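As the structure is a computational prediction, the values presented were derived from the model and not from experiment. Below, chains carry the letters A, B, ... as their sequence lines are ordered, and counting in each starts from 1.
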Number of protein chains: 2
Amino acid sequence: MSRRNTEVTVGAPQGVGALQDTVEASARARVEETCPMVEVLGRVSAKWNISILVAVSEGPVRFTELERALVGISRRMLTLNLRNLERDGLVVRTVYPTVPPKVEYEATPMARELYGSLLALTSWAERHREDVTLARARYDATAEAPSAAR
Amino acid sequence: MSRRNTEVTVGAPQGVGALQDTVEASARARVEETCPMVEVLGRVSAKWNISILVAVSEGPVRFTELERALVGISRRMLTLNLRNLERDGLVVRTVYPTVPPKVEYEATPMARELYGSLLALTSWAERHREDVTLARARYDATAEAPSAAR
DNA sequence: CTGCATCCCGCCAGATACTG
DNA sequence: CAGTATCTGGCGGGATGCAG
């Protein structure tokens, strides 16, 4: 995913590899730094991961509890996302070798640092979901609806 | 077909089953119905959208400036993402009918509410990208290479 | 400068079935 | 309960070329 191609005439093979060679240090350094962290951002900001992280940040949660909390997620996706989060050190997976298997997931300290921001995001999403829906409808209407459209 | 939107709809990180708006989205609509918030979350948290929103929240930005700021993004993706953000009412696109076309993008008030949280996310990503990389390497080492070394 | 169109590949994600 | 395996399809997204 970290491929880059900004029309640099460097002729870097589009294949993978090709590390960043252009260094633009300016007032927007924050944004420019995204390249290395886009990957991390992408992981955290994935559709379900935000909800998952919020859930596991509130204490140990069992697999089934998560499945119920995240309405609409498939078991496969839940498993996959949890694995990825675990791999990135954001979630700790604890297996209790009991008869009915019991597995608990919990956020690591590092992940808990995000709790506040994540909560802010979700609450924002709730507050503005109507506005967004309206804006979309309006946009679609003006872009495609008019008499001569298309 | 000369619609403004080519194919993407963003709103989806990567995959996420992207909520396609074009025409048929019934298959995925059910998820949004049960949990509308997830839908909005998905739109905002797409791979590049966080970085884009941060950038446009700092003032009017021209297309090329964004392209340079978001190291690694392709022109296509930038255009597509900007269109979607505009459609969702998060970004305002202003075209100046000058000879060399000039277009500026700016975040709407609604989008600016996210600035703080988004910045928190990106700064977190910067601060912990190494930890994440390390955790990942460690995980991969114990999970995929148990036979070698050690 | 800004943006659209097209080809194409790979990953994400859903559905379904099987296991400890 | 808690996954794993597999098939399939769609979207994300890169590369390239053309246009206003």
Nearest to side-chain heavy atoms of R75(A), which nucleotide of dC4(C), dG3(D), dC1(C): dG3(D)

Salt bridge (Lys or Arg N to Asp or Glu O under 4.0 Å) partners of E113(A), counting only residues at least two apart: R127(B)

Rounded distance (Å) that lies between atom P of dG3(D) and atom CD of E65(A): 13 Å

Nucleotide of dC1(C), dG14(D), dA2(D) approaching P101(A) most closely (side-chain heavy atoms): dA2(D)

Value in whole Å for how far the C1' atom of dA13(C) lies from CD1 of I73(A): 10 Å

S74(A) vs dG14(C): side-chain N/O to OP1/OP2 distance below 4.0 Å: yes

Rounded distance (Å) that lies between atom P of dA15(C) and atom CE of M77(A): 11 Å

Between dC12(C) (P) and L82(A) (CG): distance, integer Å: 15 Å

Residue closer to the 5' end of DNA chain C, V103(B) versus N81(A) (nearest nucleotide): V103(B)

Atom pair CG (L114(B)) and CD1 (I50(B)), whose distance is rounded to the nearest 0.5 Å: 9.5 Å

Side chain to side chain contact (heavy atoms under 4.5 Å, CB included) involving E130(A) - partner list, sequence neighbours excluded: none

Under the salt bridge (Lys or Arg N to Asp or Glu O under 4.0 Å) test, residues paired with R75(A) that sit two or more places apart: E67(A)

Minimum-distance nucleotide to R83(B) side chain [options: dG14(C), dG3(C), dG3(D)]: dG3(C)

Sugar-phosphate, base or nothing in reach of Y96(A), heavy atoms under 4.0 Å: nothing

Atom-to-atom span, CD of E104(A) to P of dC1(D) - whole angstrom: 15 Å

Nearest atoms (heavy-atom pairs only) where Y105(B) meets V91(B): CD2-CG1, 3.8 Å

Atom-pair distance (NZ on K102(A); P on dG3(D)), nearest Å: 13 Å

Partners passing side chain to side chain contact (heavy atoms under 4.5 Å, CB included) against R112(B) (at least two apart in sequence or in another chain): S57(B), E106(B), A107(B), P109(B)

Value in whole Å for how far the C1' atom of dA15(D) lies from CG of L80(B): 14 Å

Phosphate-side-chain proximity, R93(A) and dG3(D), N/O vs OP1/OP2 below 4.0 Å: yes

Atom-to-atom span, CG of L78(B) to P of dG14(D) - whole angstrom: 11 Å

Provide a list of protein-nucleic acid N or O atom pairs under 3.5 angstrom, restricted to nucleotides 5-8 of chain D.
none

All side chain to side chain contact (heavy atoms under 4.5 Å, CB included) counterparts of R62(B), not counting sequence neighbours: E65(B), K102(B), E104(B)

